[in-house]
Q: 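Got a structure for you, written out below as structure tokens; questions coming shortly.
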Amino acid sequence: MSERKNELFIYNSLSGQKEKFVPIHKNFVGLYVCGPTVYSNVHLGNCRTFMSFDLVYRYLLHLGYKVRYVRNITDVGHLESDGDTGEDKIAKRARLEQLEPMEIVQEYTIDFHDVLNEFNNLPPSIEPTATGHIIEQIEMIKEIISNGYAYEVNGSVYFDVLKFNEKFPYGELSGRKIEDLISGSRDLDGQEEKRNSLDFALWKNASSEHIMKWPSPWGIGFPGWHLECSAMSTKYLGDHFDIHGGGMDLKFPHHECEIAQGCASTGKSPVNYWMHGNMLTLNGRKMSKSTGNSILPKEMFAGTNDQLEKAYSPSVVRFFTMQAHYRSTLDFTSEALNASEKGFERLMDAVSLLPKLNSSESSSIDVQALIATFYTAMNDDFNAPILVANLFDAVKFINSVNDGKATVSASDLSLLTKEIQAFVFNVLGLKLSEKIEESKLEPVMDLVLELRQQARANKDWTTSDQIRDGLANAGITVKDGKDGSVWR
RNA sequence: GGUCUCGUGGCCGAGCGGUUAGGCAGCGGUCUGCAAAACCGUCUACAACGGUUCGAAUCCGUUCGAGACCUCCA
């Protein structure tokens, strides 16, 4: 599939248009995605972003790229509020729960991994933590200071945005003009140390009661939030790499600051392609921890949230997110989920049918052309909804072959099977619905269906319906086809 | 207040200058002991008003509505 690599286009937030993807090093891709701050449980909105980039990662792998995927864990330095006076989020949580900060970090890191694993996200190649890279962050601050783009005040170091803007465009990514930013910024407490309110902290002096702190050339303190991503992406991907992703809400100021830090320390912009995933909305509003407008994955799998009619499996939720483009907002409702669940089952039924199909002399449709549409969709900025629509064309074809209303040649069948399985399982990351002890159940079901078939042959509908209803109560659906019955 | 995005049929959601997106739901058939599934057919669209164009959901303008960012958030 290597020739298909040359046809991938990615929407670059920096330029505002789709650009042909050309990696810095042939066949290799460096991908960095901003991870979570582990001070509470991840909600569904967070998960959508990580699923979006999981799709990107998976498709790049499918195209044959060797991808180094780095996604951080923020375990220090993320302040609770603006003005750089707020408490560290993790430290605050630790104080409230009377725990060590690292106990908080551990608890929610495990939760994060569990949930992403449920959604069948591939783990990143490297998952660095901010606290594990204090030295790298200090080194980067030193470089920025020596290049003249940062200054120290009372043991804290701030990035000098106005000075930086003289040489580099600040606000390029988010499309902001520095004058607007200056006039639009509010006066907040605790900013006396800064030369300008736009300046952001690279290092913060820690008060004596502060729990998480480290020694530095400027005294005891802790790193600013924006710095960790710059330090860790540089360490593992170099000072210039291919793709940087994250949620739309990180575009400003976080990613803007990352660009500034990169330029200020190395003289060049750190990233070629910036990608931003859009938000998941609930009741028309962004899902958000701080406003409480969110649903937790565990509530979803258990069906315990009042906003949901019932429980939904991780694969259904994943399929639901894949039916919308990653750059569009997606509205979350039980009704939409129900529709996705039905569609998901139909897709998976067809996929399971694939190996059981009989081949013919020739194919009644152009199978190669059908497969090509899968690539066309994904090459157009990872357009998963189009891919899904095209897969449903394949579903129709598969069912028609199964009904004897269409034909497929042996070679086309093996090709189609290979590609569909690749796109459904490897690219979209969907899984067949979790079946209960299928290996043990299989012979039992064969026996039960055989008995029912005998009853049907004798026109003993009472017995046959009794078996069908009984199985339905056990969560097993029986479908009667021309060539006998199947169950699922 | 500033910057920006969006407004598609009952619901979710693609498309972004000329073709049926797709899924779910609905309706009519085929099949079936019945049901389910599957298949075939079918109905609802592009917020409003102007403009550009041979042609606009798609480009431009205005209005209305919703949302995001500007402050922690994926």
Q: Name all residues meeting the ring-ring contact (aromatic ring centres under 6.0 Å, His included) criterion together with A:Tyr273; count only those two or more places apart in sequence or in a different chain, and write none if there are none.
A: A:Phe21
Q: Could you tell me which residues satisfy side-chain hydrogen bond (donor to acceptor under 3.5 Å, both in side chains) with A:Asn293, sequence neighbours excluded, listed by chain and number?
A: none
Q: Checking A:Pro297 now: which residues fulfil side-chain contact (heavy atoms from CB on, under 4.5 Å) with it, not counting sequence neighbours?
A: A:Leu44, A:Cys47, A:Val115, A:Phe119, A:Phe301
Q: Using a heavy-atom cut-off of under 4.0 Å over every strand shown, decide if A:Ala336 touches base, sugar-phosphate, or nothing.
A: sugar-phosphate
Q: Dot-bracket for RNA chain B, 5' to 3', with Watson-Crick and G-U pairs under 3.5 Å, [ ] for crossing pairs and | for other-strand pairs: what is it?
A: (((((((..(((.....[...))).(((((.......)))))....(((((..]....))))))))))))....
Q: According to the side chain to side chain donor-acceptor pair (under 3.5 Å) rule, which pairs have a member within residues 48-57 of chain A, sequence neighbours left out?
A: A:Asp54-A:Arg58, A:Asp54-A:Arg318
Q: So, using ring-ring contact (aromatic ring centres under 6.0 Å, His included) as the criterion, who are the partners of A:Phe50 when residues are at least two apart?
A: A:Phe112
Q: Just jot down the side-chain contact (heavy atoms from CB on, under 4.5 Å) partners of A:Ile365, sequence neighbours excluded, or say none.
A: A:Val367, A:Leu370, A:Phe397
Q: Please write out the pairs of protein N or O atoms and N or O atoms of nucleotides 37-47 of chain B separated by less than 3.5 Å, giving the distance to one decimal.
A:
from, atom 1, to, atom 2, distance (Å)
B:A38, OP1, A:Arg346, NE, 3.4
B:A38, O3', A:Asn399, ND2, 3.0
B:A38, O2', A:Asp403, OD2, 2.8
B:C39, OP1, A:Asn399, ND2, 3.0
B:C39, O2', A:Lys405, NZ, 3.4

Q: Mind listing the N/O atom pairs, protein and nucleotides 65-69 of chain B, below 3.5 Å?
A:
from, atom 1, to, atom 2, distance (Å)
B:G67, OP1, A:Arg285, NE, 3.1
B:G67, OP1, A:Arg285, NH2, 2.4
B:C69, OP1, A:Lys286, NZ, 2.3
B:C69, O2', A:Arg176, NH2, 2.7

Q: Can you name the residues that form a ring-ring contact (aromatic ring centres under 6.0 Å, His included) with A:Phe241, not counting sequence neighbours?
A: none
Q: Quick check, does A:Phe392 stack with B:G23? I mean ring centres under 5.5 Å and planes off by under 30°.
A: no
Q: Which residues pass the side-chain hydrogen bond (donor to acceptor under 3.5 Å, both in side chains) test with A:Asp460, not counting sequence neighbours?
A: A:Thr463
Q: Could you list all the salt bridge (Lys or Arg N to Asp or Glu O under 4.0 Å) pairs where at least one residue sits in residues 107-125 of chain A, not counting sequence neighbours?
A: A:Asp111-A:Lys298
Q: At less than 3.5 Å, do the side-chain atoms of A:Arg468 and the base atoms of B:A36 form a donor-acceptor pair?
A: no
Q: Less than 6.0 angstrom separating the ring centers of A:His255 and A:His226, yes or no?
A: no
Q: Determine the contact category for A:Leu280: base if any of its heavy atoms lies under 4.0 Å from a base atom, sugar-phosphate if only primed atoms, P, OP1 or OP2 are that close, otherwise nothing.
A: base
